[in-house]
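Source: prediction; values computed, not measured. Counting starts at 1 for both ligands and their atoms, in listed order. These numbers come from the heavy atoms of this one structure, side chains and all, not from hydrogens, waters or symmetry mates.
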Amino acid sequence: MPELLAPETVTTWGPRRLPVPYVAHWSAERSYGQRVTMRPDAGGIWYLDESPADRDAFDMLWGRMGEAPGEGRPNLGAPHPVRQRRAQAERLCQVCGRAASHTRDGWLFLMNHDGSNDYEGAKSTKPPVCLHCAALASRHCPHLTRPVAVRSRRPKIWGVFGTLYTPTRGTSRLTAHVDEYLPYGHRASNWFLASQLVVALKRCTVVDLDAELAALA
Ligand SMILES: [Zn+2]
């Protein structure tokens, strides 16, 4: 297979010019404003200085993070909440930020092979990819140990990934439970701080990435 060059829109970093995904978090991007606290009515969490922009259409509260992509060092393990959410919601390639690949079989996602080869309904925090970046990510992404290309005709917005807070009885202290998944509409929504948008892959087909790339060439 011929070496595929990264589209010019993929940011690279360091002397080895490693590709850095569009959704990656950079060290100069920091949280701002007040931290989450319990609401005065003890019915959930909020920011004391909250604005409508802190919540999505489902009234879910989101973590705050400034945007300065390309500044400082990239953290390939932690996506930026705004760019991850934008890529999931608008079906943008998580690597280059342009439109993700879409064919008759649906949108292209890269998953880790789970042994069963059945991805119907699988929940993914990883946004889709374009075909060029799929080849790039298969080689470079440290999280893809056994990459498999899955197309989904209906990637359904399912919910969020983030931190669930629970109150401590009789105090205003909150206990944080990190790395939790929560579907939209769940009764614990008022106590959740979202950091990533989760889609459920529906109407899935496992596809041959090499064959698709060859057809493209
Ligand atoms: Zn791409």
Side-chain angles (χ1 to χ4, degrees), residues 1-29 65 67-114 119 122-158 161 195-217:
M1 194 174 75
E3 184 78 1
L4 279 160
L5 295 173
E8 317 82 77
T9 48
V10 175
T11 308
T12 56
W13 185 80
R16 290 173 60 205
R17 298 186 59 77
L18 288 171
V20 180
Y22 163 76
V23 297
H25 176 253
W26 291 77
S27 59
E29 298 178 310
M65 194 66 72
E67 282 205 82
E71 291 183 28
R73 298 172 71 90
N75 179 353
L76 302 182
H80 187 286
V82 177
R83 290 191 295 278
Q84 188 274 352
R85 184 175 150 199
R86 189 183 297 145
Q88 280 287 50
E90 299 176 20
R91 315 250 191 266
L92 304 180
C93 172
Q94 59 167 298
V95 182
C96 68
R98 296 188 294 189
S101 172
H102 186 251
T103 65
R104 285 174 53 187
D105 289 330
W107 300 94
L108 180 61
F109 289 82
L110 283 179
M111 307 286 284
N112 266 317
H113 184 59
D114 69 356
Y119 300 92
K123 290 190 279 293
S124 180
T125 56
K126 306 282 185 289
V129 285
C130 74
L131 213 43
H132 284 97
C133 292
L136 199 67
S138 300
R139 283 203 311 270
H140 291 286
C141 182
H143 302 103
L144 287 169
T145 45
R146 293 183 66 196
V148 56
V150 177
R151 286 195 180 272
S152 166
R153 287 203 184 90
R154 192 162 160 261
K156 189 173 182 292
I157 300 292
W158 175 86
F161 176 89
S195 58
Q196 297 184 50
L197 189 60
V198 180
V199 299
L201 306 185
K202 303 286 181 83
R203 301 178 67 198
C204 291
T205 310
V206 174
V207 295
D208 184 340
L209 194 59
D210 288 341
E212 289 202 14
L213 286 162
L216 199 72

Between His102 and Trp107, what is the ring plane arrangement, given parallel below 30°, perpendicular above 60°, and tilted in between? tilted

Gap separating the CZ atom of Arg153 from the SG atom of Cys204, nearest 0.5 angstrom: 10.0 Å

Does His132 bring an N, O or S atom to within less than 2.8 Å of the Zn ion (ligand 1)? no

Please report, to 10°, the angle around the Zn ion (ligand 1) from atom SG (Cys130) across to atom SG (Cys93). 120°

Thr12 and Pro19: which non-hydrogen atoms are nearest, and at how many Å? CG2-CA, 4.2 Å

Result for side chain to side chain donor-acceptor pair (under 3.5 Å) between Tyr119 and one of Arg151, Lys202, His113 points to His113

With the Zn ion (ligand 1) at the centre, find the angle made by SG from Cys96 and SG from Cys133, to 10°. 110°

